[in-house]
Asker: 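A single structure is presented below for examination.
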Amino acid sequence: MRKAKLKLIQRYAVDVTVDPDTAHPRLVLSKDGRQVSSNNEWRAVKDSPKRFSVWLNVLGKQSFSSGMFYFEVQVREKNEWYLGVGCQSMKRKRVPLNPDNGHWTLQLKNDGYSACVDPDVCLHLRSSPQKIGVFVDYDSGVVSFYDVHSAELIYSFTNCSFKEKLYPFFNPGRNDSGENAAPLIITPDILTSWNPIH
């Protein structure tokens, strides 16, 4: 039953790549825009209101303002990450991740999973997900996270009131002296339809 439900949700898969103009200077992005990792070196990039300069964040290039959309991210071999969506007017500097600040995100930090609200909601998972599916129903105000392998629902933000564009949101976490060097990988292999909504 769970797998059948996830299959239906995967019909709303969209093509997502990261936007280098929003990337923190310590992030390393792949040429195809589907992988993001962090290191200890700052890239020489021009600052702008779009760029994150405190937290290791980057947004997707694609924006969505109605309907449903879904994407998957490989989180294998990582001990810290943050994933979800953020609204167009979110603050780009030092702002906590929570819906009040325009972020709907899940995190792995200090060996624990939690939903980023105020305060964080601790999540007790049966196993460590290797790939996370992020599903948004814009019109119903829902952001849900799935363990793709088990097809289990991890957490849902509900009763959200979206009034502006949403962007996929990524943070690979600190490099941690190489212990967390693996990239977040946006996996396009589940694309069954291409229905961008701008």
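Quick caveat, the model's predicted, so the values are computed rather than measured. We use all heavy atoms of the structure for the numbers below, so side chains are in, but hydrogens, waters and symmetry mates are not. Position 1 is the first residue of the sequence, and the numbers go up from there.
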Asker: Could you label the plane-to-plane angle of the His103 and Phe169 rings as parallel, tilted or perpendicular, counting under 30° as parallel and over 60° as perpendicular?
Answerer: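 If you compare the ring of His103 with that of Phe169, the planes turn out perpendicular.
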Asker: Using the rule given for side chain to side chain contact (heavy atoms under 4.5 Å, CB included), can you reason through Arg11 versus Tyr70, listing the C-alpha separation, both sets of side-chain angles and the distance that settles it, and then say yes or no?
Answerer: CA-CA 8 Å; Arg11 293 171 54 196; Tyr70 174 85; over 6 Å; no
Asker: Is it true that the side chains of Ser89 and Glu164 contain a donor and an acceptor less than 3.5 Å apart?
Answerer: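 Yes, side-chain donor-acceptor contact under 3.5 Å.
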Asker: Does Leu166 belong to the same Ile/Leu/Val/Met/Phe/Trp/Tyr cluster as Val16, with side-chain heavy atoms less than 4.5 Å apart forming each link?
Answerer: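 Hydrophobic grouping puts Leu166 with Val16.
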Asker: Out of curiosity, Leu6 CG to Met1 CE, how far, rounded to the nearest 0.5 Å?
Answerer: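 The CE atom of Met1 is 13.5 Å from CG of Leu6, to the nearest 0.5 Å.
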Asker: Are any of the side-chain heavy atoms of Gln88 and Tyr167 separated by less than 4.5 Å?
Answerer: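 Side chain of Gln88 against side chain of Tyr167, heavy atoms only: contact under 4.5 Å found.
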Asker: Grab the two heavy atoms, one from Arg51 and one from Ala23, that are nearest each other, plus how far apart they are.
Answerer: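 Minimum heavy-atom separation between Arg51 and Ala23: NH1-O, 2.6 Å.
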Asker: Examine Val134 and Ile154 and state if one hydrophobic cluster contains both, with Ile, Leu, Val, Met, Phe, Trp and Tyr joined whenever side-chain heavy atoms are less than 4.5 Å apart.
Answerer: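 As far as the 4.5 Å side-chain criterion goes, Ile154 and Val134 are connected within one cluster.
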Asker: For residues Val28 and Val36, determine if any side-chain heavy atom of one lies less than 4.5 Å from a side-chain heavy atom of the other.
Answerer: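 A side-chain contact is absent here, since even the closest heavy-atom pair is not under 4.5 Å.
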Asker: Measure across Asp147 and Ser127 and return the closest heavy-atom pair with its distance rounded to 0.1 Å.
Answerer: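 It is OD2-OG, 4.1 Å.
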Asker: Show the numbers, then the answer: is there a side chain to side chain contact (heavy atoms under 4.5 Å, CB included) between Tyr82 and Lys109?
Answerer: CA-CA 9 Å; Tyr82 308 78; Lys109 185 178 180 181; 3.3 Å; yes
Asker: Would you call Asp15-Arg34 a salt bridge at under 4.0 Å N-O?
Answerer: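 Counted as a salt bridge, because a side-chain N and a carboxylate O are separated by less than 4.0 Å.
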Asker: Measuring only between side-chain heavy atoms, which start at C-beta, is Leu83 closer than 4.5 Å to Phe170?
Answerer: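 Touching, per the 4.5 Å side-chain cut-off.
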Asker: Could you pull out the closest heavy-atom pair between Pro129 and Ile132, with the gap in Å?
Answerer: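 Of all heavy-atom pairs spanning Pro129 and Ile132, the closest is CB-CD1, 3.5 Å.
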Asker: Looking only at heavy atoms, which two atoms of Cys116 and Pro99 are closest? And how far apart?
Answerer: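 What the structure gives for the nearest pair is O-CD, 3.4 Å.
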Asker: Apply side chain to side chain contact (heavy atoms under 4.5 Å, CB included) to residues Leu184 and Gln74 and explain how you reach the verdict.
Answerer: CA-CA 6 Å; Leu184 293 175; Gln74 180 179 299; over 6 Å; no
Asker: Any chance you could measure Gln62, atom CD, to Phe69, atom CZ, to the nearest 0.5 Å?
Answerer: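 Separation between the atoms: 10.0 Å.
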Asker: Using the side chain to side chain contact (heavy atoms under 4.5 Å, CB included) criterion, which residues pair with Lys50? Sequence neighbours excluded.
Answerer: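 Result, side chain to side chain contact (heavy atoms under 4.5 Å, CB included) vs Lys50: Asp19, Asp21, Thr22, Ser48, Arg92.
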Asker: Tell me whether Lys165 contacts the main-chain N or O of Ser63 through its side chain, where contact means a donor paired with an acceptor under 3.5 Å.
Answerer: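 The answer is no, because no donor-acceptor pair under 3.5 Å joins these two groups.
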Asker: Are Val58 and Leu97 linked, directly or through intermediate hydrophobic residues, by side-chain heavy-atom contacts shorter than 4.5 Å (ILVMFWY only)?
Answerer: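 No, Leu97 does not connect to Val58 through the hydrophobic network.
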Asker: A side-chain contact here means heavy atoms from C-beta on lying under 4.5 Å apart; do Val121 and Ser114 qualify?
Answerer: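 Side chain of Val121 against side chain of Ser114, heavy atoms only: no contact under 4.5 Å found.
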Asker: Do Trp55 and Leu59 share a hydrophobic cluster, counting only Ile, Leu, Val, Met, Phe, Trp and Tyr and linking them when any side-chain heavy atoms are less than 4.5 Å apart?
Answerer: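 No, because Trp55 and Leu59 fall into different hydrophobic clusters, even though each may have its own neighbours under 4.5 Å.
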Asker: Is the Tyr155 to Phe157 ring centre distance short of 6.0 Å?
Answerer: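 Yes - the distance between ring centres of Tyr155 and Phe157 falls below the 6.0 Å cut-off.
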Asker: Check whether any side-chain heavy atom of Trp81 lies under 4.5 Å from a side-chain heavy atom of Pro172, and answer yes or no.
Answerer: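 With C-beta onward as the side chain, the pair stays apart.
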Asker: Please name the pair of heavy atoms, one in Trp104 and one in Phe145, separated by the smallest distance, quoted to 0.1 Å.
Answerer: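 Smallest heavy-atom distance, with atoms named: O-CZ, 3.7 Å.
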Asker: Would you call Arg26 and Glu41 a salt bridge, using N to O less than 4.0 angstrom?
Answerer: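 Result for this pair is no, no salt bridge flagged.
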Asker: For Asp111, is the CG atom crowded, meaning more than 12 foreign heavy atoms sit under 6.0 Å from it?
Answerer: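 Open.
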Asker: Determine, stepwise, if the pair Glu80 / Asp176 fulfils side chain to side chain contact (heavy atoms under 4.5 Å, CB included).
Answerer: CA-CA 9 Å; Glu80 182 179 356; Asp176 194 18; over 6 Å; no
Asker: Could you check whether any side-chain heavy atom of Val142 comes within less than 4.5 Å of a side-chain heavy atom of Val136, counting everything from C-beta outward?
Answerer: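 Answer no - side chains too far apart.
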Asker: Report the distance from atom CD of Glu179 to atom NZ of Lys78, rounding to the nearest 0.5 Å.
Answerer: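 Going from the CD atom of Glu179 to the NZ atom of Lys78 covers 11.5 Å.
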Asker: Starting at OG of Ser128, measure out to NE2 of His149 and round the result to the nearest 0.5 Å.
Answerer: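 The distance works out to 12.0 Å.
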Asker: Could you tell me the separation between the OG atom of Ser140 and the CE atom of Met68, rounded to the nearest 0.5 Å?
Answerer: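 Spacing of OG (Ser140) from CE (Met68) equals 6.0 Å.
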Asker: As an exercise, state the distance from CD of Glu72 to OG1 of Thr187, rounded to the nearest 0.5 Å.
Answerer: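 One gets 4.5 Å once the value is rounded to the nearest 0.5 Å.
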Asker: I'd like to know if the side chain of Asn57 reaches the main chain of Phe52, judged simply by a donor and an acceptor atom lying under 3.5 Å from each other, with no hydrogens or angles considered.
Answerer: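 No.
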Asker: What pair of heavy atoms forms the shortest contact from Phe71 to Gly84, and how long is it?
Answerer: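 Shortest heavy-atom contact: CZ-O, 3.6 Å.
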Asker: Counting neighbours of CG on Asp32 that are heavy atoms of other residues, nucleotides or ligands and sit closer than 6.0 Å, is the number greater than 12?
Answerer: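 It does: Asp32 CG has more than 12 such atoms within range.
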Asker: If we only count heavy atoms from C-beta on, is the Leu27 to Ser37 side-chain gap below 4.5 Å?
Answerer: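 Result no, sub-4.5 Å side-chain heavy-atom pair not found.
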Asker: If we ignore hydrogens and angles and just use 3.5 Å, is the side chain of Ser150 paired with the main-chain N or O of Glu152 as donor and acceptor?
Answerer: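 Indeed, once roles are kept as given, a pair shorter than 3.5 Å links the two residues.
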Asker: Examine distances only and state if a side-chain atom of Asn180 and a backbone atom of Asn79 form a donor-acceptor pair shorter than 3.5 Å.
Answerer: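 A pair under 3.5 Å: yes.
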Asker: Tell me every residue that passes ring-ring contact (aromatic ring centres under 6.0 Å, His included) with Tyr138, counting only those two or more places apart in sequence or in another chain.
Answerer: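 Result, ring-ring contact (aromatic ring centres under 6.0 Å, His included) vs Tyr138: Phe162.
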Asker: Any side-chain donor-acceptor pair under 3.5 Å between Asn171 and Gln107?
Answerer: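 There is no such pair between these side chains.
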Asker: If hydrophobic clusters are built from ILVMFWY residues whose side chains come within less than 4.5 Å, do Met90 and Leu106 share one?
Answerer: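 In one cluster with Met90: Leu106, no.
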Asker: Please identify each residue that fulfils side chain to side chain contact (heavy atoms under 4.5 Å, CB included) with Asn110, with sequence neighbours left out.
Answerer: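 Asn110 satisfies side chain to side chain contact (heavy atoms under 4.5 Å, CB included) with no residue once adjacent residues are dropped.
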Asker: Is a side-chain donor or acceptor of Asn98 paired with a backbone partner of Asp118 at a separation under 3.5 angstrom?
Answerer: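 Side chain of Asn98 to backbone of Asp118, a donor-acceptor pair under 3.5 Å: no, none is there.
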Asker: I'd like to check Gln35 versus Ile186 (side-chain heavy atoms, cut-off strictly below 4.5 Å). Are they in contact?
Answerer: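 Answer no - side chains too far apart.
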